[in-house]
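Contents: one structure, followed by commentary.
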Protein chains: 2
Amino acid sequence: MNKKTTIYDIAKELNITTSTVSRALSGFSAISDTTRQAVIETAKKLNYSPNRLASALKSGKTYIIGVIVPSVQAHFFASIIHSIEEGLKNSGYRVILYQSNEFVENEINGVKTLLEAQVDGIIASISLETEDVSHFAEVIKQNKPLLLFDREHADLKVPTVTLDDFKAGYIATRHLIDQGYRNIAFITTVHQIKVFNDRLNGYKAALKDNNLAVIADNIILGGLSIKDGRFGASKLMRNDIKPDAIIAGDDFTALGVIKKLKEINETPPKIGVIGFANEAFSAYITPDLSTIDQHPNQMGIECAKLFLKMIQQENPYQNVDHIVLEPSLIVRESTSNNAPS
Amino acid sequence: MNKKTTIYDIAKELNITTSTVSRALSGFSAISDTTRQAVIETAKKLNYSPNRLASALKSGKTYIIGVIVPSVQAHFFASIIHSIEEGLKNSGYRVILYQSNEFVENEINGVKTLLEAQVDGIIASISLETEDVSHFAEVIKQNKPLLLFDREHADLKVPTVTLDDFKAGYIATRHLIDQGYRNIAFITTVHQIKVFNDRLNGYKAALKDNNLAVIADNIILGGLSIKDGRFGASKLMRNDIKPDAIIAGDDFTALGVIKKLKEINETPPKIGVIGFANEAFSAYITPDLSTIDQHPNQMGIECAKLFLKMIQQENPYQNVDHIVLEPSLIVRESTSNNAPS
DNA sequence: TTGAAAGCGCTAACAC
DNA sequence: GTGTTAGCGCTTTCAA
């Protein structure tokens, strides 16, 4: 393994100094065309590859940004990461990934680790467990951009990219009402995350606006998963007054609900079911699933754009933008009630 | 924004030198307990956070490894990344992500970028487009671990973690034969990627072993996607002798096949359909989809383990391991033929 | 336009 | 057990 060539090697070869080489390579400083050409040629000849680390140490900019998400395994987050990476690539930024797996402890560690790696900023979606967010304070203190998406937190006064989740909950509910359903249940997580609270509030508002009662027994606070969906559905169907429609916190949960309903011969749309996220499978299950599209790719693109804006400012927090995307209702069989409304 | 504290600040505070501080913090060198304690306390007091960059520049180790995948949006790759990150986390390694989006050009750029970032090694799965792999040579030349998973390449003599794809193709085909299907078609990608070739060869071998002819018209070389599945299925169903079963290159393609077959009233298992990857949705579509599980999480874990092994060796390539995982057949409705075999 | 020189924060011989 | 010292590869004043 031969030693890697550095700007020093190039300088020696051309009998100039490293500063000149550095200038020639960086491209913007005042330098003669001939020197620049010579340097570039020699660099190529010697198979030179810059050491971004050294440059970063000196300049204080790594062009690496940290992304913290609960898990890449969720399609929603995977799509966002995909778009963030795409949107940042052309500006020279790379993405270092950290998964919290929904544990605060991992999240705390993630912030610490990323900061030690000297990332230029952090884009994050907080874990379900996260209540105290003081571990993010250091990012702000270092004047580095911190951007939250989807799952934000009231204590963190930073720019955000989110969905209008109140509206998401509202239109899901109103759609069911429009379809003639009258006793609508809601399965969501126990965790006090804004996203989920907003949806629940949207649900309640839609009920009220349509003179329907909000019934405590119709709201299941548990987890979000296929299993939780099955569980929630069984529980609901044991209510004195059974619901005629169920809103599930995400498409996976909705899947579990459908599974259960099919087993007990209440196959949707007999009982209406709608989810959130428009997962890849949602269009292909039977009955196919009505859902709310959360536009993850658009969200990722907005994150990238907003991040670039922040990082170009002297003070990234000089104006704290909150980008809110519109949810879209996707109607499929699982809510296609034929009953007169 | 106050200046970040460095080991120099700690040293000054305690009237010792930076080397002592460095030693105390790294924890292993000979140093008195009192000094160590004092340093650690002061570090905490001053809210010290190490600059890994400086350490990396000096030591040549960044503890960052690059992972190149076609796209995180595919659940298969997302799961692998998830496991790689998990498996490496405890050893202090972080993952920097690069997506090729199935383009060689991006892949070339990825290797270059990651090398410039001084990653300690690269774990990659090559793009569909990739034929020439010389862009990976530099990684090996720098004596850094290069590990390929799933999609490997004959020209790259590096350790690999793959599935026994020949077997995967074989057992998928044999399963269909066992179910009584006799005229089995195969939809796969045109690209010459080992994974897919192996599966095709497994398919052919299984046919031969069962005295069934390999019919050219039954093999569709195109793309892999829901759309390609629909397209492939229509094409196959226009053959003079229509197939009675279709093996699709992945679950998404299988989804498209099923969609098409349902439309023309040949709903599986009337015509058998099997896919590859066991995507999250596969168990929930109707009919639910038989498939081959490729154990992405196990694959990620093996990648992490093998990588750690490589990096601990003086010469990472002193023995070139090839870990091959066993595919598992998952039987569901889409191949549950009732016809006598 | 180019060179000299200092230094980013840390590590690691080598000396004592 | 601790200090001295040099330097990782690059950028960036300051001076020429």
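Scope of the values below: all heavy atoms of this structure, side chains included, with no hydrogens, waters or symmetry mates. Here is how names work: the chains are called A, B, and so on, in the same order as the sequence lines, proteins then strands, and each is numbered from 1.
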What are the residues of residues 42-61 of chain A, sorted by number, that bring a heavy atom to within less than 4.0 Å of DNA chain D?
A:Y48, A:P50, A:N51, A:A54, A:S55, A:K58
Nearest-angstrom distance from the residue atom NZ of A:K4 to P of D:dG7
20 Å
Closest-nucleotide 5' rank along DNA chain C - winner of B:T6 and A:T18:
A:T18
Tell me which residues in residues 32-41 of chain B lie within less than 4.0 Å of DNA chain D, going by non-hydrogen atoms.
B:S32, B:T35
For B:Y63, does the OH atom sit with more than 12 other heavy atoms under 6.0 Å from it, leaving out its own atoms?
no
Atom CG of B:N15 and atom C1' of D:dT2: how far apart are they, to the nearest Å?
13 Å
Let me check the geometry of the helix from C:dT1-D:dA16 to C:dC16-D:dG1. What is the bend angle between the axes at its two ends, five pairs each, to 10°?
30°
Indicate, with a heavy-atom threshold strictly under 4.0 Å, whether A:I7 touches base, sugar-phosphate, or nothing.
base
N/O donor to acceptor pairs below 3.5 angstrom from side-chain atoms of residues 147-154 of chain A, sequence neighbours left out:
unit_1, atom_1, unit_2, atom_2, d
A:R151, NH1, A:E102, OE1, 2.9
A:R151, NH1, A:E102, OE2, 3.4
A:R151, NH1, A:I126, O, 3.0
A:R151, NH2, A:E102, OE2, 3.0
A:E152, OE2, A:K194, NZ, 3.4
A:H153, ND1, A:D155, N, 3.0
A:H153, NE2, A:E131, O, 2.7

For A:R23 and D:dT12, give me the distance from atom CZ to atom C1', rounded to whole Å.
8 Å
Would you say the side chains of B:N101 and A:E86 form a donor-acceptor pair under 3.5 Å?
yes
Is A:K89 positioned over the aromatic face of B:Y98, cation under 6.0 angstrom from the ring centre and no more than 45 degrees off axis?
yes
Taking only side-chain nitrogens and oxygens of A:S22, does any of them come within less than 4.0 Å of OP1 or OP2 of D:dT11?
yes
Using only heavy-atom distances, determine whether the side chains of A:S32 and A:T35 contain a donor-acceptor pair under 3.5 Å.
yes
We want to know whether B:Q99 and A:H82 form a side-chain donor-acceptor pair, criterion being a heavy-atom distance below 3.5 angstrom.
yes
Boundaries of the DNA chain C segment in contact with chain A, non-hydrogen, under 4.0 Å:
C:dT1 to C:dG9
Once you round it to whole Å, what is the distance between C1' of D:dT2 and CG of B:L25?
16 Å
Whole angstroms only, please: what is the CD1-C1' distance between B:I16 and D:dT5?
17 Å
Hey, are A:K45 and A:E13 close enough for a salt bridge, meaning a charged N less than 4.0 Å from a carboxylate O?
yes
When you look at B:I96 and B:V119, which way does the side chain to side chain contact (heavy atoms under 4.5 Å, CB included) test go after all the steps?
CA-CA 8 Å; B:I96 190 165; B:V119 293; 3.8 Å; yes
Quick one: do B:E41 and B:K44 make a salt bridge, cutoff under 4.0 Å?
no
Any residue meeting side chain to side chain donor-acceptor pair (under 3.5 Å) with A:Q118, in chain and number order, not counting sequence neighbours
none
Does the side chain of A:E129 pick up a donor-acceptor pair with the side chain of A:H191 at under 3.5 Å?
no
Side chains of A:N297 and A:S79: do they bring a donor and an acceptor to under 3.5 Å?
no
Go through A:D120 and A:K144 one step at a time and tell me if the side chain to side chain contact (heavy atoms under 4.5 Å, CB included) criterion holds.
CA-CA 6 Å; A:D120 287 347; A:K144 290 181 173 173; 5.5 Å; no
